[in-house]
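One structure below.
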Amino acid sequence: MKSVPRFIINLIITIIVCIPCLLLFDWVEQRNNINWLDVFLLLIGVSVVMTFINKLLQSKKPSRVLKETTVFLITVTVMFGLFTLMEWIFDWAAEKEFVYGWDQKLTLSITFTVFENLNNWSKRNNLFSRK
């Protein structure tokens, strides 16, 4: 029964993160002419730079926050790429025009990654244990 409160709290935190992200990305998409490829290349670039910084500081023992941020960015990038690939496959199979809505896919990628990281963090820190 201890996993139900953890799940509900993590879901509430995820929704609190999701709504501002969706509003921000929607505002950016309406204001600027940014397409899915720009966002994907930006995510790949940031992930590569963070990985390079992490490897560069590996001998000096980089902080745990830097490692977790790098993993978070790489996970968001991979999920965004997979969502884009799935959309392309479904549109290709249905013979429809391929239209990208990068703001919803990026928000969904961030949301799933935040939810999974919250679950791992609460399990690792033994929250809601029977003490």
Side-chain angles (χ1 to χ4, degrees):
M1 197 65 182
K2 65 182 180 181
S3 63
V4 173
R6 178 176 47 210
F7 176 80
I8 291 171
I9 290 173
N10 290 344
L11 187 64
I12 290 170
I13 293 171
T14 303
I15 290 171
I16 291 171
V17 169
C18 171
I19 292 172
C21 284
L22 183 61
L23 294 174
L24 174 70
F25 296 148
D26 187 46
W27 178 76
V28 168
E29 183 180 31
Q30 290 175 2
R31 190 162 170 85
N32 299 325
N33 190 14
I34 298 175
N35 63 7
W36 69 273
L37 189 58
D38 297 335
V39 173
F40 192 52
L41 291 175
L42 181 68
L43 285 172
I44 290 173
V46 171
S47 297
V48 167
V49 167
M50 289 297 289
T51 304
F52 181 72
I53 289 172
N54 207 0
K55 293 293 180 184
L56 190 65
L57 296 176
Q58 190 172 13
S59 61
K60 299 178 183 177
K61 296 202 178 207
S63 68
R64 187 173 174 199
V65 173
L66 182 64
K67 288 180 183 179
E68 290 185 11
T69 304
T70 304
V71 171
F72 183 86
L73 283 169
I74 291 171
T75 306
V76 168
T77 304
V78 168
M79 288 186 70
F80 182 80
L82 289 175
F83 285 142
T84 303
L85 179 66
M86 285 176 22
E87 182 181 357
W88 177 78
I89 289 172
F90 292 142
D91 287 348
W92 175 73
E95 297 178 355
K96 294 191 319 186
E97 186 179 334
F98 185 42
V99 180
Y100 292 104
W102 65 267
D103 54 340
Q104 290 101 6
K105 285 186 287 196
L106 185 58
T107 302
L108 193 60
S109 301
I110 291 172
T111 302
F112 283 154
T113 306
V114 165
F115 185 74
E116 183 61 29
N117 284 345
L118 283 172
N119 280 334
N120 290 339
W121 180 77
S122 59
K123 285 179 188 175
R124 186 173 51 231
N125 292 327
N126 250 348
L127 295 180
F128 302 105
S129 63
R130 296 182 182 193
K131 293 182 180 178

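Below, all heavy atoms of this structure are taken into account, side chains as well, without hydrogens, waters or symmetry copies. Numbering of residues begins at 1 and proceeds along the displayed sequence.
W92 and F90 fall into different hydrophobic clusters, where Ile, Leu, Val, Met, Phe, Trp and Tyr residues are linked whenever their side-chain heavy atoms come under 4.5 Å apart, directly or through other members. Hydrophobic clustering of Ile, Leu, Val, Met, Phe, Trp and Tyr side chains at less than 4.5 Å, counting indirect connections, unites L106 with V48. Placement of L37 and V39 within a single hydrophobic cluster is found when ILVMFWY residues are connected by side-chain heavy-atom separations under 4.5 Å, directly or transitively.
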Taking only distance into account, with no hydrogens and no angle test, what donor-acceptor pairs under 3.5 Å do side-chain atoms of residues 11-28 form with protein atoms, sequence neighbours excluded?
| from | atom 1 | to | atom 2 | distance (Å) |
| --- | --- | --- | --- | --- |
| T14 | OG1 | N10 | O | 2.6 |
| D26 | OD2 | Q30 | NE2 | 3.3 |

Could you pull out every donor-acceptor pair under 3.5 Å between side chains of residues 72-82 and any protein atom, sequence neighbours left out?
| from | atom 1 | to | atom 2 | distance (Å) |
| --- | --- | --- | --- | --- |
| T75 | OG1 | V71 | O | 2.7 |
| T77 | OG1 | L43 | O | 3.4 |
| T77 | OG1 | S47 | OG | 2.9 |
| T77 | OG1 | L73 | O | 2.8 |

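Taking CG of N35 as the reference point, atom CH2 of W102 lies at 9.5 Å (rounded to 0.5 Å). Taking NZ of K55 as the start and OG1 of T70 as the end, the distance is 10.0 Å to the nearest 0.5 Å. The line from NZ of K67 to CD1 of I53 is 15.0 Å long, rounded to the nearest 0.5 Å.
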_Let's go through Q104 and L108 carefully: what are the C-alpha distance in whole Å and the side-chain angles of both, what is the deciding distance for side chain to side chain contact (heavy atoms under 4.5 Å, CB included) to 0.1 Å, and is it a yes or a no?_
CA-CA 6 Å; Q104 290 101 6; L108 193 60; over 6 Å; no
*Show the numbers, then the answer: is there a side chain to side chain contact (heavy atoms under 4.5 Å, CB included) between L85 and W88?*
CA-CA 5 Å; L85 179 66; W88 177 78; 4.3 Å; yes
_Before you tell me yes or no, could you show the steps for T84 and K105 under side chain to side chain contact (heavy atoms under 4.5 Å, CB included), namely the whole-Å CA-CA distance, both residues' side-chain angles and the distance that decides it to 0.1 Å?_
CA-CA 8 Å; T84 303; K105 285 186 287 196; 3.6 Å; yes
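Checked options T113, V114, T107; the residue passing with I110 is V114 (criterion: side-chain contact (heavy atoms from CB on, under 4.5 Å)).
In this structure, the side chains of E87 and D91 come closer than 4.5 Å at one or more pairs of heavy atoms.
Between F40 and F83, the distance from one ring center to the other does not fall under 6.0 angstrom.
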